[in-house]
Amino acid sequence: QVQLVESGGGLVQAGGSLRLSCAASGGTFSRLTMGWFRTTPGKERKIVAAISWSGRSTYYADSVKGRFTISRDNAKNTVYLQMSSLKPEDTAVYYCAAGYSSYDIIATTTYDYWGQGTQVTVSS
């Protein structure tokens, strides 16, 4: 019943910044664990960042820690991924995901709803 729509993907130069947005409809956004995942050709989808329903717990993959920031605005039913100091290796399709489970915010099984994905390309 939860629908997720990503936006903000595009082309950027290495060292640049980009902000992804994910708008949710249906369900109760304030109770959802939210996450961002990414995938590249030939590789499995991997978690990039996650945030609990309360916002008190966050997670970042080692490869993006210090450069990416996940946040949520419950009033707007939107989660964001602010990406800075982008590297060519960050090039991927990024997916927004949501779930009502909060036991483990980094587990793929936590997420029941997925967006369509948005392409981020970082040029060198």
Side-chain angles (χ1 to χ4, degrees):
Q1 294 293 93
V2 177
Q3 293 181 311
L4 306 172
V5 180
E6 299 103 329
S7 62
L11 304 173
V12 296
Q13 293 183 331
S17 299
L18 198 65
R19 187 179 75 163
L20 304 183
S21 298
C22 174
S25 60
T28 305
F29 183 79
S30 62
R31 299 176 184 174
L32 287 168
T33 297
M34 302 296 298
W36 287 97
F37 294 73
R38 68 186 183 187
T39 186
T40 55
K43 294 186 177 181
E44 295 181 353
R45 188 177 300 177
K46 295 183 178 181
I47 193 166
V48 176
I51 187 167
S52 64
W53 66 268
S54 66
R56 294 178 181 178
S57 297
T58 58
Y59 167 85
Y60 297 97
D62 289 342
S63 59
V64 307
K65 197 166 188 175
R67 300 188 297 117
F68 290 12
T69 301
I70 188 171
S71 62
R72 64 191 298 159
D73 187 338
N74 288 351
K76 296 181 178 180
N77 287 6
T78 302
V79 64
Y80 304 95
L81 185 67
Q82 178 65 50
M83 305 182 292
S84 300
S85 301
L86 284 163
K87 305 174 181 180
E89 63 194 70
D90 294 318
T91 295
V93 177
Y94 285 72
Y95 298 87
C96 176
Y100 286 108
S101 176
S102 60
Y103 288 109
D104 187 352
I105 65 172
I106 69 171
T108 303
T109 53
T110 292
Y111 302 95
D112 299 312
Y113 310 99
W114 296 82
Q116 79 286 355
T118 185
Q119 178 71 45
V120 172
T121 302
V122 184
S123 62
S124 60

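In this text the structure is predicted, and so the values were computed from the model without any measurement.
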**Student:** For Y60 versus A49, what's the shortest heavy-atom pair and its separation?
**Tutor:**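 For Y60 and A49, the tightest heavy-atom pair comes out as CD2-CB, 3.7 Å.
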**Student:** Looking at CG of L86 and OG of S123, how far apart are the two atoms once the value is rounded to the nearest 0.5 Å?
**Tutor:**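 Atom-to-atom, L86:CG and S123:OG are 10.0 Å apart.
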**Student:** Is a donor on one side and an acceptor on the other found under 3.5 Å between the side chain of T78 and the backbone of K76?
**Tutor:**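 Side chain of T78 to backbone of K76, a donor-acceptor pair under 3.5 Å: yes, one is there.
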**Student:** If you round to the nearest 0.5 Å, how far is CD of Q82 from OG of S71?
**Tutor:** 8.0 Å
**Student:** What are the two closest heavy atoms between T40 and A92, and how far apart are they?
**Tutor:** CG2-CB, 3.6 Å
**Student:** Under 3.5 Å, side chain of T91 to main-chain N/O of V122, donor-acceptor pair present?
**Tutor:** yes
**Student:** Quick one, V93 with T118, criterion side-chain contact (heavy atoms from CB on, under 4.5 Å). Give me CA distance, side-chain angles, the key distance, then yes/no.
**Tutor:** CA-CA 5 Å; V93 177; T118 185; over 6 Å; no
**Student:** So do K46 and T39 actually touch side chain to side chain, heavy atoms under 4.5 Å?
**Tutor:**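 No, too far: nothing below the 4.5 Å cut-off.
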**Student:** Side chains of R19 and Y80: any donor to acceptor distance under 3.5 Å?
**Tutor:** no
**Student:** Measure the CD1-CD1 distance between I51 and I105 for me, rounded to the nearest 0.5 Å.
**Tutor:**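 Going from CD1 on I51 over to CD1 on I105, the span is 8.0 Å.
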**Student:** Taking T33 for the side chain and S52 for the main chain, is one N or O donor matched with an acceptor at less than 3.5 Å?
**Tutor:** no
**Student:** I'd like to check T121 versus V12 (side-chain heavy atoms, cut-off strictly below 4.5 Å). Are they in contact?
**Tutor:** no
**Student:** So, do D90 and V120 sit near enough that their side-chain heavy atoms are less than 4.5 Å apart?
**Tutor:**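 Side chain of D90 against side chain of V120, heavy atoms only: no contact under 4.5 Å found.
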**Student:** V48 vs F68, test: side-chain contact (heavy atoms from CB on, under 4.5 Å). Steps then yes/no.
**Tutor:** CA-CA 9 Å; V48 176; F68 290 12; 3.6 Å; yes
**Student:** Only counting residues at least two apart or in another chain, list the ones meeting side chain to side chain contact (heavy atoms under 4.5 Å, CB included) with S85.
**Tutor:** R67
**Student:** State, with a plain yes or no, whether a side-chain heavy atom of I47 is found less than 4.5 Å away from one of T108.
**Tutor:** no
**Student:** Under the side-chain hydrogen bond (donor to acceptor under 3.5 Å, both in side chains) rule, collect the residues that match up with Q116, sequence neighbours excluded.
**Tutor:**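 Partners of Q116 by the side-chain hydrogen bond (donor to acceptor under 3.5 Å, both in side chains) criterion, ordered by chain and then number, come out as E6.
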**Student:** Determine whether a donor-acceptor pair (N or O, by modelled atom type, separation under 3.5 Å) exists between the side chain of T28 and the backbone of S30.
**Tutor:**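 No, T28 side chain to S30 backbone: no donor-acceptor pair under 3.5 Å.
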**Student:** Keeping to residues at least two apart or across chains, list the ring pair (Phe, Tyr, Trp, His ring centres under 6.0 Å) pairs with something in residues 8-59.
**Tutor:** F37-Y111, F37-W114
**Student:** Could you report the tightest heavy-atom contact between A14 and P88, atom names first, then the distance?
**Tutor:** CB-CD, 4.1 Å
**Student:** State the CG-CZ distance between L81 and R38, to the nearest 0.5 angstrom.
**Tutor:** 9.5 Å
**Student:** With a cut-off of 6.0 Å (strictly less than), are more than 12 heavy atoms of other residues, nucleotides or ligands near CD of Q3?
**Tutor:**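 For Q3, atom CD is not crowded (no more than 12 foreign heavy atoms under 6.0 Å).
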**Student:** Give me the atom names and distance for the closest heavy-atom approach of M34 to L4.
**Tutor:** CE-CD2, 4.2 Å
**Student:** Main chain of D104, side chain of T110: is a donor-acceptor contact present, judged purely on distance under 3.5 Å?
**Tutor:** yes
**Student:** Please assess C96 against V79 for the test side-chain contact (heavy atoms from CB on, under 4.5 Å), listing each intermediate value before the final yes or no.
**Tutor:** CA-CA 8 Å; C96 176; V79 64; 3.8 Å; yes
